[in-house]
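Per chain, numbering begins at 1; letters A, B, ... match sequence-line order.
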Amino acid sequence: MRLNTSQQQAVEYVSGPCLVLAGAGSGKTRVITNKIAYLIREAGYQARHIAAVTFTNKAAREMKERVAQTLGRQEARGLLISTFHTLGLEIIKREHAALGIKSNFSLFDDQDQMALLKDLTEQWLEGDKDLLNQLRSTISNWKNDLIDPVIAKARSHTQKDQLFAHCYDLYDKQLRACGILDFDDLILLPTLLLQKNEEARDRWQNRIRYLLIDEYQDTNTSQYEFIKLLVGQRARFTVVGDDDQSIYSWRGARPQNLVLLKEDFPALKVIKLEQNYRSSGRILKAANILIENNPHIFEKKLFSELGYGEHLKVISADNEEHEAERVIGDLIGHRFANNSHYGEYAILYRGNHQSRIFEKVLMQNRIPYKISGGTSFFSRTEIKDIMAYLRLLTNPDDDNAFIRIINTPKREIGPATLQKLGEWATKRSVSLFHASSDIGLTEILSGKRLESLTTFITWFSDLMTRIETEPFEVVQALLHGIHYESWLYETSPSPTAADMRMRNVEQLFTWLGEMLRGDDLDEPMTLAQAVSRFTLRDMLERNESEEENDEVQLMTLHASKGLEFPYVYLVGMEEGLLPHQVSIDEENIEEERRLAYVGITRAQKELTFSLSRQRRQYGETINPEPSRFLLELPQDDIQWESQKTQVTAEQRMIKGQSRLSALRAQIEKAKNS
DNA sequence: CTTACTACAGTTTTT
DNA sequence: CTGTAGTAAG
């Protein structure tokens with residue numbers, strides 16, 4: 001397919017700063033991919049001087065694949081395509097000397113972060129979860145606004161802020177002492193470095209001569225600063241974004257960065273992509289009319305040439321169960337009538353808890369489905385254990401990892417021993433691991449404890465010396481050496497659970513092996529690199545995308561961004577749910593509207609809303625109003641389908657069930673014939 | 001290894 | 001109110 005005029009224009013404008021306002025489904029990935037090809041083939045850039053930055057590993061991976069397809073592996077060699085965080089990690093790794101940190105640092109995820117904060121603040125916050133969460137996000141916000149502990153203290157006036165700033169200081173000192181970075185550091189540290197260190201700035205500006213940014217509207221303050229420092233005076237860059245799809249402001253994203261861009265780079269060329277290649281005209285019209293209720297920085301009007309399409313439907317139900325039944329019933333009927341596949345349907349909702357009831361009804365009807373989200377692979381205990389071992393292997397100063405694994409599996413090194421060891425280590429200001437190999441330990445530890453500790457340290461040190469030369473063997477030896485499998489069987493609630501945990505561990509090792517070896521898109525990595533990538537949650541999507549089963553997709557609106565489905569159900573269209581109760585005020589309503597907009601624009605052919613006139617909430621039954629967003633849509637394009645007959649819940653259940661089972665029988669019959 | 005009770009949360013979560 | 005995660009006890 002050829003590029004349209006504005007896409008072509010966006011691809012070929014390479015002489016200055018460029019902002020591509022890419023509406024939903026307007027082919028922005030194609031623009032980025034083609035632009036990279038254009039830069040190399042027509043504009044004289046070498047691949048190694050071009051960097052493209054995304055927010056998710058998945059997006060980075062897709063882009064890599066698309067570019068490799070367009071250019072061929074050879075020409076694409078040396079291109080830097082990664083997430084913000086991975087790019088930051090790369091810079092930190094190369095500049096660790098200038099940053100004054102060790103080369104073998106390890107990474108903290110949010111759970112590690114919480115655990116440490118809880119530890120550090122025990123005396124003040126007493127494990128108050130709410131306060132801890134506040135503290136964590138406050139620290140994160142400070143870091144995202146490039147505010148260090150000293151400035152934070154100076155700017156804190158209330159007692160609580162003072163305390164938080166103090167905790168921030170403690171937390172950061174602890175991290176530095178252990179050679180640990182958190183996610184925010186991966187942006188913060190490179191940004192500070194490029195600000196202060198002219199040489200480093202030159203080095204990186206010379207390395208990255210053309211920069212492309214995807215989903216620009218999701219950048220936060222430090223990321224924008226980071227971008228500015230990377231592009232420098234030369235200002236050769238393209239950012240692609242859509243202010244109407246900014247749904248992460250609660251996480252620090254600043255859609256205002258679009259305005260700042262225009263101010264900071266007066267020469268900015270703005271190109272709008274307004275042709276939508278995804279949705280029917282009617283769906284797009286509804287989306288346009290809805291989003292017009294929001295103020296806009298740049299006016300933009302999407303159009304489609306795919307035909308006007310079917311009416312939008314609204315299914316109104318009497319209660320939540322009924323809503324799920326009617327939606328699923330509609331889906332089954334629709335699939336049957338259109339001879340379509342389950343995989344073409346998506347059910348989108350505002351909050352994760354809404355999925356449960358749909359899951360139940362889907363299960364009752366034996367419909368295959370997939371819920372994205374839920375507990376992450378990397379937050380499972382068995383994975384966290386192994387990750388802690390791997391982290392300690394690459395960074396012996398990682399005290400948190402040390403504490404986690406020193407007695408897992410049991411080595412008779414309990415809290416008392418650890419306490420003594422900790423005091424000793426603090427006095428000498430060395431890490432726990434370091435302290436453990438100190439000869440002076442005989443002063444504080446005796447016989448048995450000392451022996452088990454030294455046995456472990458000796459064995460582990462031996463592994464550490466070999467990670468560079470024979471990482472495979474080390475990883476194998478690690479798993480055997482700790483007898484992790486038998487430990488799992490001892491501690492798991494059931495053998496089946498242990499089996500599952502062991503499979504998870506094996507999965508981790510399979511991925512690890514792949515990463516150490518490298519594949520056609522990625523170079524082989526060192527163990528340290530692989531461990532960092534794991535913490536950055538890389539790897540997960542790789543497997544997910546392989547299993548393209550025929551399953552109904554269930555996900556939150558947030559998770560649906562960037563995806564598309566032929567048939568979409570947008571459920572729970574009620575005041576209090578979408579817009580959500582706590583975001584219903586003047587300040588947040590616009591983002592809720594964008595959330596609805598994102599949901600609507602996921603649909604390619606047909607879009608169905610649903611709502612319930614009754615909902616259980618915190619023990620009460622409430623009667624929510626239909627979402628204001630439904631009323632904002634063009635009513636001529638909507639068909640309201642409400643249940644006319646008044647029946648009791650029980651009758652409805654039987655009726656719904658029998659209708660569904662009748663349909664199922666019909667389908668089975670059709671299949672067999 | 002299962003069962004039962006208690007405590008707690010109940011918006012979204014790219015890294 | 002209701003579901004679940006974690007722990008304690010059978």
(request) Using whole Å, report how far CZ of A/R251 lies from P of B/dT12. (result) 13 Å
(request) To the nearest Å, give me how far apart CD (A/E320) and C1' (B/dG10) are. (result) 13 Å
(message) If you go through the side-chain atoms of A/R533, does one of them form a donor-acceptor pair with the base of B/dT15 closer than 3.5 Å?
(response) no
(request) Check whether any side-chain nitrogen or oxygen of A/N57 sits under 4.0 Å from OP1 or OP2 of B/dT14, and answer yes or no. (result) no
(message) Work out how far the C1' atom of C/dT2 is from that of B/dT13, and round it to whole angstrom.
(response) 24 Å
(request) Rounded to whole angstrom, note down the C1' distance from B/dT12 over to C/dA5. (result) 22 Å
(message) Using side-chain heavy atoms (C-beta onward) and a distance below 4.5 Å, is A/I622 in contact with A/Q614?
(response) no
(request) Begin with the C-alpha distance, continue with both residues' side-chain angles, and end with the deciding distance and a verdict on side chain to side chain donor-acceptor pair (under 3.5 Å) for A/E382 and A/N504. (result) CA-CA 8 Å; A/E382 65 274 20; A/N504 287 332; 2.8 Å; yes
(request) Using heavy atoms and a sub-4.0 Å distance, could you list which residues of residues 237-250 of chain A are near DNA chain B? By number, please. (result) A/Y248, A/W250
(message) Could you work out, with ring-ring contact (aromatic ring centres under 6.0 Å, His included) as the rule, every residue matching A/Y168, not counting sequence neighbours?
(response) A/W142
(message) What is the separation between atom NZ on A/K360 and atom P on C/dT4, rounded to the nearest whole Å?
(response) 12 Å
(message) Without decimals, in angstroms, what is the distance between A/K561 NZ and B/dT12 P?
(response) 17 Å
(request) Take the angle between the ring planes of A/Y569 and A/Y345 and call it parallel below 30°, perpendicular above 60°, tilted in between. (result) parallel
(request) Starting from P on B/dT15, measure out to CZ on A/R61 and report it in whole angstrom. (result) 13 Å
(message) Taking the minimum atom-to-atom distance to the side chain of A/H558, which one of B/dT13, B/dT11, B/dT15 wins?
(response) B/dT13
(message) As a quick check of understanding, evaluate salt bridge (charged side-chain N to carboxylate O under 4.0 Å, His left out) for A/R613 and A/D318, giving each step before the final call.
(response) CA-CA 5 Å; A/R613 300 206 348 261; A/D318 295 336; 3.1 Å; yes
(message) Can you tell me if A/N352 touches the phosphate of B/dT12, counting only side-chain N or O atoms and a distance under 4.0 Å to OP1 or OP2?
(response) yes
(message) Distance check needed: B/dT14 P versus A/L89 CG, whole Å only.
(response) 19 Å
(request) Run the ring-centre check on A/H85 versus A/F55 and record whether the distance is less than 6.0 Å. (result) no
(request) Check whether any side-chain nitrogen or oxygen of A/T535 sits under 4.0 Å from OP1 or OP2 of B/dT15, and answer yes or no. (result) no
(request) When you get a sec, tell me which of B/dT15, B/dT13, B/dT11 is the closest nucleotide to the side chain of A/H580? (result) B/dT11
All N/O contacts under 3.5 Å from nucleotides 1-3 of chain C to the protein, with atom names and distances to one decimal?
unit_1	atom_1	unit_2	atom_2	d
C/dC1	O4'	A/G619	N	3.1

(request) Return the orientation label for the A/F534 and A/W511 ring planes: parallel under 30°, perpendicular over 60°, tilted otherwise. (result) tilted
(request) Send over the distance from A/R615 CZ to B/dG10 C1', rounded to a whole Å. (result) 14 Å
(message) A/R615 and salt bridge (Lys or Arg N to Asp or Glu O under 4.0 Å): which single residue from A/E323, A/E625, A/E575 fits?
(response) A/E323
(message) Measuring from atom OG of A/S560 to atom CZ of A/R602, what distance do you get when rounded to the nearest 0.5 angstrom?
(response) 5.5 Å
(request) Quick one: list whatever passes ring-ring contact (aromatic ring centres under 6.0 Å, His included) with A/F108, sequence neighbours left out. (result) none
(request) Would you mind reading off the distance between A/H353 atom NE2 and B/dG10 atom P, rounded to a whole angstrom? (result) 11 Å
(request) May I ask you to say whether A/R404 pairs ionically with A/D398, meaning some side-chain N is under 4.0 Å from a carboxylate O? (result) no
(request) Give, ordered by number, those residues of residues 109-117 of chain A having at least one heavy-atom distance below 4.0 Å to an atom of DNA chain B; if nothing qualifies, reply none. (result) A/D110
(request) Enumerate the residue pairs fulfilling salt bridge (charged side-chain N to carboxylate O under 4.0 Å, His left out) with a member in residues 353-364 of chain A, sequence neighbours excluded, ordered by first and then second residue. (result) A/E321-A/K360
